[in-house]
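Nothing here was measured: the structure is a model prediction, and the numbers come from that model.
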Amino acid sequence: MIRIGFLLVLFAFGRAQAQSLPSAGLDQERMTAVYAEALAFMAPRILDPVSVPQLTVWGLQGLTTLDPALRIGIRDSHLQLFRQGEIVLEVAAPKDDTATAWARTAVAVSAAGYQVSALLRRAGTQGVIQGFFDEMLGRLDPYSRYVAPDQAGEDRARRAGRAGLGLTVGLRGRMVDVRAVVRDSPAAIAGIHPGDFLLAIDGQQTRDQDPATIGALLSGADGSAVTVTWRGRDGRTRDAQMIRVMVAPETVFAERVADVLVLRITSFSGTTASHLALSVQDALSEPRPVHGIVLDLRDNRGGLLRQAVTAADTFLPAGVVAITTGRDQEANHIWRSTEGELAENVPLIILVDGRTASSAEILAAALADRGRAVVVGSSTVGKGLVQTIDPLPDGGDLFITWSRVLAPLGWPLQGLGVLPQVCTSLGTEVLNRQLSMLSAGFQPMIEALRRERAARAPVPASDVLEIRAPCPGAEGRVTDLEAARSLIANPAAYAAALLPPMVDR
């Protein structure tokens, strides 16, 4: 193991007596705090054990990325910094492998490089920090990442939503019309509906205003009041004072297609599961019966794992939804559904494509493994790793992969993705042949599905390719929904497409 201490020896075309290195402009205090926090957080949580010294050495390779004239070397348990082949600094060893000791060492080496490299000085403190994390995390997995303070703040605000009324507006001629209303938002509670016209905001007329201006007028400080005047589809004009609140973007969009309820889920935010359940309840309470439900997860890149589990619970009786495993005990969990399910006897179809990922895959795998839904489309992304977030002292966010996701039957989502029971990515002719075979009671994908469900981590890359080959990933297409409606209309084909319900463990 590499051991490095705090004795700094400066070399300038040969060894010289130890001296300090001026590095004005480099915020060493901030870097030390950020590196120490990150290393301490990562070491016990990353999926495969890597020592703090090794993580630090990987991170320091970021100096070379920023300036190819710099190079990090290791000799006789010392770190060396070279510039154009000449040694600049050698650092001897700390007596322990603590995150703080190695953070200080990393900053000392970075400061030496900063002094002799115009490219590092051009990158600045934030650029050096970014380079450190990019190099280190790039050696772990595809999803661990560092997000700089500015972007992290924007991402946190986007996840939380912004203070407003929950309205999306557009232009219809010279009038501002309501395109969408977030469920349970102030606008929804006040009675504003899609198709209504906004006439005034705090007395300011909206006619001939562009949607961006209207959006700015509707937004404001959390808890502030705004008065809105609108005309409903019944022709009546109303006004109401509403209080702006933090409104997460809507992620569930319901549509009736004849006797089928289609629910498009764009991501998994803090309101996704509840809005999904309410949309199902609304449809079931209508006079027209619902003969089938389609969950459209195409192009859904994921989101909150817990929301995917709760969404699955909407349609499942008690049992396993997903399993997460990692080195940290807090990462190990068997996620379960509870008693009670909505639309128990209504056929359920899930649409997926080559961009369906993460939490969307968890939902699809759970409902398929439990024998509750038929997955239609193509192989999905195969993102079965879960990240935990560490807010860093500089305001940035560190996303670290700390667990793997297993479907209820025990197969890993990472790499494999979800193989559909009805494949649409091989063309219309193949799809029609599958549907005919299902109508006759034969499942043409059964052997491929059995092989995927029997896989156990880690799955060799060659096996991943073979398992996914029967239904390659592709973009969603019109035939996805057509196939779903065909299955719903044909109970025999739907029954043949379902996987046998699993026995709860």
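- Judged purely by atom type and a 3.5 angstrom limit, Thr324 has no side-chain atom pairing as donor or acceptor with the backbone of Val405.
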For this session: Quick one: do Arg450 and Glu447 satisfy salt bridge (Lys or Arg N to Asp or Glu O under 4.0 Å)? Show the steps, please.
Result: CA-CA 5 Å; Arg450 283 175 177 163; Glu447 291 305 320; 3.0 Å; yes
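- Side chains of Trp230 and Arg238 form a contact here, defined as non-hydrogen atoms less than 4.5 Å apart.
- A distance-only check finds no donor-acceptor pair linking the side chain of Arg306 to the backbone of Gly270 [under 3.5 Å].
- A side-chain donor-acceptor contact under 3.5 Å links Asn300 to the backbone of Ile265.
- Taking both residues in full, the closest heavy atoms of Arg298 and Asp480 are given as NH1-OD2, 3.0 Å, listed atom of the first, atom of the second, then distance.
- The closest side-chain heavy-atom distance from Leu435 to Leu487 is below 4.5 Å.
- A donor-acceptor pair under 3.5 Å is absent between the side-chain atoms of Ser486 and the main chain of Glu482, judged by distance alone.
- Defined by atom type and a distance below 3.5 Å, a donor-acceptor pair is missing between the side-chain atoms of Thr272 and Gln307.
- Between the side chain of Ser378 and the backbone N or O of Gly354, at least one donor-acceptor pair lies under 3.5 Å.
- Side chains of Asp313 and Thr310: no donor on one and acceptor on the other come within 3.5 Å.
- Proximity of a side-chain donor or acceptor of Ser279 to a complementary backbone N or O of Ala254 within less than 3.5 Å is not detected.
- Thr424 and Thr479 form no side-chain donor-acceptor contact under 3.5 Å, judged by distance and modelled atom types alone.
- Taking 4.5 Å as the limit, every side-chain heavy atom of Pro444 sits out of range of all side-chain heavy atoms of Arg433.
- Counting non-hydrogen atoms of other residues, nucleotides and ligands closer than 6.0 Å to CZ of Arg256 gives a total above 12.
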